[in-house]
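Data first, discussion second: the structure below is written as structure tokens.
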Protein chains: 2
Amino acid sequence: MSINELFKALSDENRRRILDLLRNGELTAGEIANHFDISKPGISQHLSVLKNADLVYAFKKGQYVYYSLNSTVFQDVMKWIIQFNSKGEN
Amino acid sequence: MSINELFKALSDENRRRILDLLRNGELTAGEIANHFDISKPGISQHLSVLKNADLVYAFKKGQYVYYSLNSTVFQDVMKWIIQFNSKGEN
DNA sequence: CTTTCATTTAAGTAATTACTTAATTACTTA
DNA sequence: TAAGTAATTAAGTAATTACTTAAATGAAAG
């Protein structure tokens with residue numbers, strides 16, 4: 001969960017779209033995949049990147065895996081950004 | 001100046017270090033390059049990515065090119081992030 | 001004017017990334 | 001227990017990215 005991993009995860013358009021989808025609530029991997037023209041394994045890999053960056057939670061229920069936002073980590077990005085509005089401290 | 005270009009620009013560790021350096025004030029391309037183990041053309045390319053994403057200003061003075069932060073664009077990133085703390089509007 | 005210095009552009013390469021299809025794992029249900 | 005469904009892992013490939021060195025541009029100073 002480095003800041004680098006975090007920015008790398010956010011640098012992909014499709015991954016950001018996934019995060020956007022999850023703003024409306026949790027979704028299964030398959031439901032997420034249905035919104036894209038990418039293969040399911042492709043989406044699975046994106047989800048794995050998001051999970052490793054702690055941007056999403058994943059929990060398994062039966063044969064489904066539910067994904068949801070971990071909004072706390074967005075605050076790390078926020079903190080990083082804030083430095084550039086305030087001058088020179090930190 | 002798309003949000004995609006912006007996140008792509010921020011996804012590189014060295015480019016983020018450049019932005020960090022510029023928090024203390026403007027620097028010439030050469031001064032920036034001195035802080036890195038990368039060749040000058042390498043740094044020049046990073047600066048070009050940052051400039052295209054509007055994260056930095058560049059102005060030429062004699063044979064030097066001065067780079068400085070454009071803090072307004074950070075607010076675009078901020079706006080994007082904020083969506084994920086507040087629930088579901090927008 | 002020609003030499004020097006700062007920077008960028010050009011061209012090539014190695015590493016990384018985003019995908020694909022095929023195979024595997026894990027769970028559910030007939 | 002066999003067949004079907006959801007998701008992931010594995011392995012390969014095409015595209016992108018981050019670098020390199022060499023060449024070009026442009027301003028300054030001898």
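Only heavy atoms go into these numbers, but all of them, side chains included; no hydrogens, no water, no symmetry mates. Residue numbers start from 1 in every chain, and the chains themselves are labelled A, B, ... in the order their sequence lines are given, proteins ahead of strands. On a predicted model such as this, the values are computed, not experimentally measured, just so you know.
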Asp20(A)/Arg23(A) ion pair, N-O < 4.0 Å: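 Yes, Asp20(A) and Arg23(A) are salt-bridged.
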
Parallel, tilted or perpendicular: which one describes the rings of Trp80(B) and Phe7(B), with boundaries at 30° and 60°?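 Perpendicular: the ring planes of Trp80(B) and Phe7(B) meet at over 60°.
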
Taking only the side-chain nitrogens and oxygens of [X], find out if one of them lies under 4.0 Å from OP1 or OP2 of [N].
X: Ser44(A); N: dA7(D); value: no
X: His46(A); N: dT17(C); value: no
X: Thr28(B); N: dA6(C); value: no

In whole Å, what is the span from the [atom1] atom of [X] to the [atom2] atom of [N]?
X: Glu31(A); N: dT5(D); atom1: CD; atom2: P; result: 17 Å
X: Asn4(A); N: dT17(C); atom1: CG; atom2: C1'; result: 14 Å
X: Asn34(B); N: dC5(C); atom1: CG; atom2: C1'; result: 13 Å
X: Ile38(A); N: dC19(C); atom1: CD1; atom2: P; result: 4 Å
X: Ile32(A); N: dA6(D); atom1: CD1; atom2: C1'; result: 13 Å

If you check every side-chain atom of Pro41(A), which of dA6(D), dT21(C), dT7(C) has the closest atom?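 Looking only at heavy atoms from C-beta outward on Pro41(A), the closest nucleotide is dT21(C).
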
To the side chain of Arg15(B), which of dA18(D), dC19(D), dA7(D) is closest?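 Of all the options, the side chain of Arg15(B) is nearest to dA18(D).
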
When you match Tyr66(B) and Lys8(B) each to their closest nucleotide on DNA chain C, which lands nearer the 5' end?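 In this pair, the answer is Tyr66(B).
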
Taking for each residue the nucleotide of DNA chain C bearing the nearest heavy atom, is the 5' side occupied by Lys40(A) or by Gln63(A)?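 The residue mapped nearer the 5' terminus is Lys40(A).
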
Pairwise side-chain contact, Leu10(B) with Leu19(B), heavy-atom cut-off 4.5 Å (strictly under):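 Sidechains of Leu19(B) and Leu10(B): in contact.
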
Do Lys8(A) and Glu5(A) have side chains that get closer than 4.5 Å, going by heavy atoms?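 Answer no - side chains too far apart.
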
Would you say Ser2(A) and Asn4(A) are linked by a side-chain donor-acceptor pair, where the criterion is simply a distance under 3.5 Å?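 No.
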
So what's dT28(C) paired with, Watson-Crick or G-U wobble, going by both distances under 3.5 Å?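 With both distances under 3.5 Å, dT28(C) matches dA3(D).
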
Tell me which nucleotide, if any, is Watson-Crick or G-U wobble paired with dT2(C) when both distances must be under 3.5 Å.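 Checking every strand shown, dT2(C) finds its partner in dA29(D), with both distances under 3.5 Å.
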
Check every strand shown and say whether Gly42(B) touches a base, only sugar-phosphate, or nothing at a heavy-atom separation below 4.0 Å.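 Contact class for Gly42(B): base.
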
Could you check Ser48(A) against Val49(B) and say which one's nearest nucleotide on DNA chain D is further toward the 5' end?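 On the 5' side of the pair lies Ser48(A).
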
